[in-house]
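Heavy atoms only: backbone and side chains are in, while hydrogens, waters and symmetry mates are out. Note that the structure is a prediction, hence the values are computed from the model and not measured.
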Amino acid sequence: MDELTLVERLRSEVPGDLDVAAAERRWRDRALAAPAAPAARARRRRARRPLLLSGVAAAACAGVAATVVATYRPADPPPPPAAVAALLDQAADRAGADPVPRPDQFVYQDLIELRRTAGKGRWYQDRNQSWVSVDGSRTGLVRLKNSIEAGPDEGVPPDGDSVLKPCGQVPPIERPYLGDVPADPDALLRLLVTEGDGPRAARQWEAATDLIDRPAPPAVRAALFRAIGRIPGVRLASDSVDAAGRHGVAVTRTRDGVREELIFDTATHRFLGTRDIVTRSSDQLGRRGSTLFSSALLRTAIVDGVPKPAPGAEVSDC
């Protein structure tokens with residue numbers, strides 16, 4: 001086998017949107033360092049997964065990078081099929097027809113999440129109710145209730161209320177209510193790519209999934225759905241199920257051995273929730289086809305006030 005054929009074969013086994021040089025650096029850093037607990041998403045605590053590379057795959061990446069670094073540029077992932085854009089256009093039209101809250105009002109959301117204690121322990125459900133100020137100038141509330149009484153080493157956040165202070169000078173994309181985020185898909189994609197690290201499409205998807213269940217004006221939610229439909233590597237799954245057991249069609253993107261799914265009602269095209277599915281068996285993630293996480297957005301409503309916090313409620317920044 002000649003060298004060029006070997007390089008082409010090795011390269012075909014590496015995902016198209018993988019930054020090969022960065023992947024090699026991350027693999028080497030992780031191989032030399034002690035294992036670290038995965039960081040948590042700031043708002044919904046969905047576990048971020050480290051890049052998974054076997055020693056063989058890393059060596060292949062390194063060999064490809066060393067051989068073709070001067071002449072080869074990794075190909076972008078393929079554009080989404082037309083069916084993805086069609087579904088998300090319908091979801092955007094549905095979201096864009098929702099009522100617009102006044103600046104002095106709040107958006108109430110009732111969200112449930114299914115997760116496992118300490119990563120791979122027993123399953124539990126948490127219910128996250130939130131009352132978020134539309135203009136960010138008023139005090140909001142988050143109320144968390146878990147389905148289990150957790151032990152001290154299970155890593156389950158405690159039940160209780162958290163008072164959200166007014167936002168002040170907080171970047172629009174970090175606010176609980178996305179009122180100042182661009183309502184244009186192209187502008188939104190330019191904003192999403194500034195978040196996180198890694199390949200461009202991966203950064204956009206990661207940021208979009210962090211925003212997907214956050215309250216927003218109808219025009220912003222519509223723009224977000226249309227923006228997701230333009231991210232390379234996005235695909236469609238005909239059936240998925242959210243944390244409440246509701247079935248729907250899913251917009252998906254696979255990375256690091258996990259398929260991340262954004263689930264929409266088949267008939268109404270309303271966003272239902274999310275699910276993460278293992279696509280490649282490993283000791284860290286478990287068996288192929290197993291669920292790592294799921295969520296369900298049960299209710300969203302515009303309200304005029306916030307319940308009284310429970311005694312001893314924590315106070316947190318918006």
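Between Gly229 and Val84 the shortest heavy-atom distance is CA-CG1, 4.2 Å. When all heavy atoms of Gly248 and Thr266 are compared, the closest pair comes out as CA-OG1, 3.8 Å. Here the closest heavy-atom approach between residue Asp265 and residue Thr268 is recorded as OD1-N, 2.8 Å. Between Arg143 and Lys308, the shortest heavy-atom contact is NH2-O, 3.5 Å. Of all non-hydrogen atoms in Arg288 and Ser281, the two that sit nearest each other are N-OG, 2.8 Å. Taking every heavy atom of both residues into account, Leu272 and His247 meet most closely at CD1-O, 3.8 Å.
Within a 6.0 Å sphere centred on CZ of Arg122, heavy atoms belonging to other residues, nucleotides or ligands number more than 12. Under a cut-off of 6.0 angstrom, the local environment of CD in Gln90 is crowded, with over 12 non-hydrogen atoms contributed by other residues, nucleotides or ligands.
A donor-acceptor distance shorter than 3.5 angstrom exists from the side chain of Asp161 to the backbone of Ala310, with no hydrogens or angles considered. Counting only distance, with no hydrogens or angles, the side chain of Thr274 and the backbone of Ser294 share no donor-acceptor pair below 3.5 Å. For the pair Arg275 (side chain) and Asp242 (backbone), a donor-acceptor distance under 3.5 Å is absent. Put simply, the side chain of Arg253 gets close to the backbone of Pro232: a donor and an acceptor are under 3.5 Å apart. Distance alone, capped at 3.5 Å, places no donor-acceptor pair between the Arg230 side chain and the Pro185 backbone.
Cluster annotation: Trp205 and Leu87 are assigned to the same hydrophobic cluster (Ile/Leu/Val/Met/Phe/Trp/Tyr, side-chain heavy-atom contacts under 4.5 Å, transitive). Grouping the Ile, Leu, Val, Met, Phe, Trp and Tyr side chains by contacts below 4.5 angstrom, directly or via other members, places Ile112 apart from Val142. With hydrophobic clusters built from ILVMFWY side chains whose heavy atoms lie under 4.5 angstrom apart, Leu211 shares a cluster with Leu111. No path of Ile, Leu, Val, Met, Phe, Trp and Tyr side chains, each step under 4.5 Å between heavy atoms, connects Leu292 with Ile263, placing them in separate hydrophobic clusters. Following chains of ILVMFWY side-chain contacts shorter than 4.5 Å, one cannot reach Val132 starting from Val220, and the two form parts of different hydrophobic clusters.
Under the 3.5 Å distance criterion, with hydrogens and angles disregarded, a donor-acceptor pair is assigned to the side chains of Ser133 and Asp135.
Taking the side chain as every heavy atom from C-beta outward, Leu236 and Val251 approach each other to under 4.5 Å. Within the 4.5 Å cutoff, the side chain of Cys318 has no heavy atoms near those of the Lys165 side chain. Under the 4.5 Å side-chain criterion, counting only non-hydrogen atoms from C-beta, Arg287 is not in contact with Val278.
In this structure, Arg138 does not pair ionically with Asp104, as no charged nitrogen and carboxylate oxygen lie closer than 4.0 Å. One finds a salt bridge joining Arg115 and Asp126 here, because a Lys/Arg side-chain nitrogen approaches an Asp/Glu carboxylate oxygen to under 4.0 Å. Ion pairing between Arg226 and Asp93 holds under the 4.0 Å rule for side-chain N and carboxylate O.
Ring geometry for Phe271 versus Phe264: interplanar angle over 60°, hence perpendicular rather than tilted (30 to 60°).
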Next item on the list: Show the numbers, then the answer: is there a side chain to side chain contact (heavy atoms under 4.5 Å, CB included) between Val170 and Asp317?
Entry: CA-CA 10 Å; Val170 176; Asp317 294 333; over 6 Å; no
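To the nearest 0.5 Å, atom OG1 of residue Thr209 and atom CD1 of residue Ile228 are 8.0 Å apart.
Among Tyr177, Tyr108, Phe106, the one residue that satisfies the ring pair (Phe, Tyr, Trp, His ring centres under 6.0 Å) test with Trp131 is Tyr108.
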